[in-house]
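Sequential numbering from 1 along the given sequence is applied to the chain's residues. Bear in mind the structure is a predicted one, so any value in this text is a computation, not a measurement. Counting convention: from 1, in listed order, for ligands and their atoms alike.
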Amino acid sequence: MKLTIHRGANEIGGSCVEVTAGNTRILLDFGMPLGNGLGGEFDESAIEGKSINELIEKKILYPIKGLYKDTPPQIDAILISHSHKDHYGFLKYAHPYIPVYMSAGAQKLINILNIFVRKEGRLQLPRAVETVCDRKSFDVGDLRITPYLVDHSAFDAMSFHVVYKMSGKSIFYTGDFRAAGWKEKLFDRFVADPPKGVDSLIMEGTMMGREAGKYPTEQDVLDRMVDILRETDNKVTFACCSGQNIDRIVTFYKAARRTKSLLVIDPYTACVLNAIKSPRSHIPQMDWDSVRIFIANYYGKGDVYVSKISDSAFKGLLPDIGRAKIKPLDFSGLEKKALVLMRGSMLPAIEKIPGIKESKMVYSQWQGYLKKDNADARRFKDFVSKYDMCLEHVHTSGHATVDKLKEFAAALNPERIIPIHTEHAELFKEFFWPVKILKDGEVFDLMAGGSH
Ligand SMILES: [Zn+2]
Ligand SMILES: [Zn+2]
């Protein structure tokens, strides 16, 4: 059994691991990098129109035989851990006949994004995507794979346990995970009853070398949001967050409920929440009492999100969206306070809400995004200062702290730990033993790897 980290051995984002055993070859994730390797951001538009060979030459793609569209397929499966682009973003280069496995939630979120992004950024999933479920094992050739549902900022995220049936050797790939969200119990359940006999644990280490921050858990974010909404005299409070971070949207909904405020979301977020609606879940929906949908005129062309929805399979939602709508001028007549969830693309619309001067702007994503020197970060900061807004960072990470990683690794007790999704692979050695640091592209043979 052999494994190769094609990307991610010493960077966050773009994870791709190849596993070979017997006659079977699979990939674990096929992500788009976040960085360009020079300290800047990965430029997605720069790869548009480039051939696979060009991209391999530029070391953006990897020389994996039988993976790409231009050769007969020789990879038996691609397993995607979750719906973050740094884990699935390169799928469009894979041969469409290679079976892709992912959770139902991941499929829904990837599909819905297609409605709202530019044509070039869309990803047509193969029609035969296999749906994986928590702890339901399946076989791919000589491998037996068991997915484990994990707590992460992406909805319905999975780890994968990959066993070579002939030898019993196995690899555990964590994907991205944490133990601080509304699904924290998944972590406790896992460490109480982990899979046995894992040889190599490929473990994410995003938080290595990063501060845990002021709010360790989603509950802490909720408590702070309740205080913010209680303390403010302003009608409107803004929170900037991803429309796909479901845990966070649940947090904001709870904060709004607890303070008898309205939660205002945009039509895109409303569609995302609708797509993953289930009778038993607590995911807020557009027809719930205290939820409103913000509809505005963008650049004189009407609501950009509504027009995309009307051209999509989600157009049946438009009557519901209409019933829940709130327009910028409607905010003046509100009796309740409103918590408005927004993203950078919505700045020209929220500007039309009367009286936003000196209101509170909660930044609820990784602070690193704001510190970047790019147009989005500048536009956001200019907006905040133009309206004398009070900016506060209230966020908890989607990734496990070092303490939780230690608890996780101790429970699995593998033969070795291989760092991935980290900028500080070397730091693993301070906390874990034994650690095998691989380089991108280096083939590691589990048999020859020795044991401790
Ligand atoms: Zn990631
Ligand atoms: Zn992720």
Side-chain angles (χ1 to χ4, degrees), residues 5-17 27-37 41-42 44 60 78-91 101-110 112-113 123 132 134 147-160 172-184 186-187 190 201-210 212-213 218 241-250 272 276 364-369 372 395-402 404-405 408 418-425 428 440:
I5 298 179
H6 289 287
R7 192 190 286 276
N10 211 344
E11 74 183 83
I12 294 170
S15 293
C16 180
V17 182
L27 283 194
L28 301 167
D29 283 340
F30 193 14
M32 189 179 282
L34 296 170
N36 62 5
E41 284 166 78
F42 183 74
E44 206 179 324
I60 289 169
I78 302 174
L79 276 55
I80 299 295
S81 62
H82 63 283
S83 61
H84 281 156
K85 236 175 174 179
D86 64 316
H87 295 260
Y88 77 83
F90 277 167
L91 259 188
Y101 291 73
M102 63 175 92
S103 69
Q107 291 170 50
K108 286 174 183 161
L109 293 178
I110 291 172
I112 202 153
L113 202 58
L123 173 76
V132 305
D134 184 32
Y148 288 84
L149 186 64
V150 290
D151 182 17
H152 180 45
S153 47
F155 180 72
D156 220 4
M158 298 285 176
S159 294
F160 294 113
F172 194 94
Y173 172 66
T174 62
D176 292 353
F177 76 106
R178 65 173 171 182
W182 299 119
K183 288 200 169 103
E184 187 186 350
L186 292 171
F187 178 89
F190 185 90
L201 167 60
I202 309 175
M203 185 166 74
E204 76 121 308
T206 315
M207 295 302 279
M208 288 284 174
R210 280 189 188 178
E218 211 60 53
C241 76
S242 154
Q244 293 220 357
N245 186 342
I246 307 302
D247 263 17
R248 188 60 41 83
I249 295 169
V250 168
V272 168
I276 54 169
S364 200
Q365 304 186 82
W366 180 51
Q367 212 169 10
Y369 294 131
K372 285 186 176 174
H395 177 59
T396 190
S397 171
H399 302 279
T401 56
V402 175
K404 289 294 175 182
L405 292 177
F408 188 86
I418 300 173
I420 195 167
H421 205 279
T422 181
E423 285 166 344
H424 300 282
F428 270 66
D440 282 347

Trainee: Only counting residues at least two apart or in another chain, list the ones meeting side chain to side chain donor-acceptor pair (under 3.5 Å) with E184.
Mentor: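 Listed in chain order: nothing, the list is empty.
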Trainee: Enumerate the protein N/O/S atoms at a distance below 2.8 Å from the Zn ion (ligand 2), ignoring waters.
Mentor: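 Counting only protein N, O or S atoms under 2.8 Å from the Zn ion (ligand 2), the list reads H82 NE2, H84 ND1, H152 NE2, D176 OD2.
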Trainee: So, do V150 and T174 sit near enough that their side-chain heavy atoms are less than 4.5 Å apart?
Mentor: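 Side-chain contact under 4.5 Å: no.
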Trainee: Evaluate the criterion ring pair (Phe, Tyr, Trp, His ring centres under 6.0 Å) for residue pair F177 and F408; output intermediate values, then yes/no.
Mentor: CA-CA 10 Å; F177 76 106; F408 188 86; 4.6 Å; yes
Trainee: Would you mind checking if D151 and K404 are paired as a salt bridge, meaning a charged N to carboxylate O distance below 4.0 Å?
Mentor: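 Salt bridge: no.
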Trainee: Just wondering, do H421 and D86 contact through their side chains at under 4.5 Å, heavy atoms?
Mentor: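 With C-beta onward as the side chain, the pair touches.
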Trainee: With a 4.5 Å limit on heavy-atom distance, are the side chains of D156 and K108 in contact?
Mentor: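 Side-chain contact under 4.5 Å: no.
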